[in-house]
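All remarks here apply to the structure that follows.
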Amino acid sequence: MRIATWNVAGIRAHIGALLEWLRQEKPDIVVLQETKTVDETFPRLELEALGYNVEVHGQKGWNGVAILSLVPFDEVHRGLPGDDADEQARLIEGVFSLEGGVVRVCGIYLPNGNPVDSEKFPYKLAWMERLHSFVEQRLSFEEPFILLGDFNLIPAPIDAHNPDGWWGDALFRPESLERFRSLLNLGLVDALRAVSLEPNYTFWDFQAGAWRRNAGIRIDHLLLSPQAADRLENVTVHKDVRGWDKPSDHVPVEGQFTF
DNA sequence: ATGCCGGGTACGACCCGA
């Protein structure tokens, strides 16, 4: 079973690259972020033509998440609980039945939080605290649970080409990292860190020649419950996709599991 | 210190991203 995350930076703008990657790799389940469109204009038919079941949680202009799956959905949940006034589409979860049992896959687009002196930063922190409660509840099921997506968090200095340049940014500052560690401390495993102690970047800015200079950061993560971590075989960062024509600024990150 | 680039909205110029 291969389960991937990809921030597509606008699904209508990058549908060609998405379809090409899916045709090449045929992952079983993919969570998408920054689809940037309402459900009515989501390119569902092209994805269904490749055999994917499609569930979306869209929003006009920005945000927006989705799950593509070759396995039928048992359940779908949209939105992060804990604030009825929050209208930003940043979380979608699917539950799937496999031969070996159930697997729960939750895709997130965690708020960026910049600039830190705006209301966006406290929104990020509050969103992380709601996520903490949500994950705590999910872990109580004691089943394979995969929380993956664009976390907008640089876990450690090794996860940035220029960590000093990022320090203080909403992606890499104490208040953000404290909450990220607290989330991990619930009992989640950072899958890529578990299989590799090398620098692995998943995002290169469109600006300032970041890709050419390999000035990347690792902000797209797969976090695993113990029951999922036991089944982890490997993680692949599809770095080559960043060099395609008209790419997203993020690349797909894929976990391989024995279920 | 800010913009760089790029998508979306809407069709000029701004919001948003990381």
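Predicted model, so just to flag it, every value in this text is computed and none were measured. Proteins come first, then strands; the chains are lettered A, B, ... in the order of their sequence lines, and each starts at number 1. All values below were derived from every heavy atom in this structure, side-chain atoms included, with hydrogens, water molecules and symmetry-related copies excluded.
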Below the 4.0 Å mark, does [N] have OP1 or OP2 next to a side-chain nitrogen or oxygen of [X]?
{"X": "H14(A)", "N": "dG6(B)", "answer": "no"}
{"X": "Y109(A)", "N": "dC16(B)", "answer": "no"}
{"X": "R90(A)", "N": "dG17(B)", "answer": "yes"}
{"X": "N112(A)", "N": "dG17(B)", "answer": "no"}
{"X": "R218(A)", "N": "dA18(B)", "answer": "no"}
{"X": "N114(A)", "N": "dC16(B)", "answer": "no"}

Whole angstrom is fine here: how far is it from [atom1] in [X] over to [atom2] in [N]?
{"X": "Q88(A)", "N": "dG8(B)", "atom1": "CD", "atom2": "P", "value": "18 Å"}
{"X": "D150(A)", "N": "dG7(B)", "atom1": "CG", "atom2": "P", "value": "17 Å"}
{"X": "Q207(A)", "N": "dG17(B)", "atom1": "CD", "atom2": "P", "value": "14 Å"}
{"X": "D249(A)", "N": "dC4(B)", "atom1": "CG", "atom2": "P", "value": "16 Å"}
{"X": "R213(A)", "N": "dC4(B)", "atom1": "CZ", "atom2": "P", "value": "16 Å"}
{"X": "N63(A)", "N": "dG17(B)", "atom1": "CG", "atom2": "C1'", "value": "10 Å"}
{"X": "K36(A)", "N": "dG6(B)", "atom1": "NZ", "atom2": "P", "value": "12 Å"}
{"X": "D205(A)", "N": "dT2(B)", "atom1": "CG", "atom2": "C1'", "value": "14 Å"}

[atom1]-based separation of [M] from [N] [nearest Å]:
{"N": "dG17(B)", "M": "dC11(B)", "atom1": "P", "answer": "22 Å"}
{"N": "dA13(B)", "M": "dA1(B)", "atom1": "C1'", "answer": "23 Å"}
{"N": "dT2(B)", "M": "dG6(B)", "atom1": "P", "answer": "22 Å"}
{"N": "dA10(B)", "M": "dC15(B)", "atom1": "P", "answer": "14 Å"}

Classify the nucleic acid contact of [X] as base, sugar-phosphate or nothing, counting any heavy atom under 4.0 Å across all strands shown.
{"X": "F172(A)", "value": "nothing"}
{"X": "A208(A)", "value": "base"}
{"X": "D220(A)", "value": "nothing"}

Problem set entry | Shortest non-hydrogen contact between R179(A) and E175(A), atoms and distance | NH1-O, 2.8 Å

Given [options], identify the nucleotide with an atom nearest to the side chain of [X].
{"X": "K60(A)", "options": "dC4(B), dA10(B), dG17(B)", "value": "dA10(B)"}
{"X": "W166(A)", "options": "dA18(B), dA10(B), dG7(B)", "value": "dA18(B)"}
{"X": "K120(A)", "options": "dT9(B), dC4(B), dC16(B)", "value": "dC16(B)"}
{"X": "W62(A)", "options": "dA18(B), dG8(B), dC16(B)", "value": "dC16(B)"}

For this session: Name the orientation class of the two ring planes belonging to W211(A) and W204(A) (parallel below 30°, tilted from 30 to 60°, perpendicular beyond 60°).
Result: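 Judged by the thresholds at 30° and 60°, the geometry between W211(A) and W204(A) is perpendicular.
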
For this session: Can you label the angle between the F180(A) ring and the H221(A) ring as parallel, tilted or perpendicular, going by 30° and 60°?
Result: tilted

Exercise. Mind checking whether V31(A) and L188(A) sit in one hydrophobic cluster, side chains of I, L, V, M, F, W, Y counted as touching below 4.5 Å?
Worked result: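 In one cluster with V31(A): L188(A), no.
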
Problem set entry | Sidechain-backbone polar pair: H14(A) side chain, V8(A) backbone, donor-acceptor under 3.5 Å |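 Here the side-chain-to-backbone pair exists.
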
For this session: Could you pick out which residue, F203(A) or I11(A), lies toward the 5' side of DNA chain B when each is mapped onto its nearest nucleotide?
Result: I11(A)

Seminar exercise, completed: Judged by nearest nucleotide, the residue sitting upstream toward the 5' end of DNA chain B, Q59(A) or L171(A), is Q59(A)

Problem set entry | P27(A): which of T236(A), L68(A), L22(A) passes side-chain contact (heavy atoms from CB on, under 4.5 Å) | L22(A)

Exercise. Could one point to a donor on the side chain of N152(A) or the base of dA18(B) with an acceptor on the other under 3.5 Å away?
Worked result: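 There is none.
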
For this session: Give the intermediate values and the outcome of side-chain contact (heavy atoms from CB on, under 4.5 Å) for residues L32(A) and W6(A).
Result: CA-CA 5 Å; L32(A) 304 174; W6(A) 193 3; 4.2 Å; yes

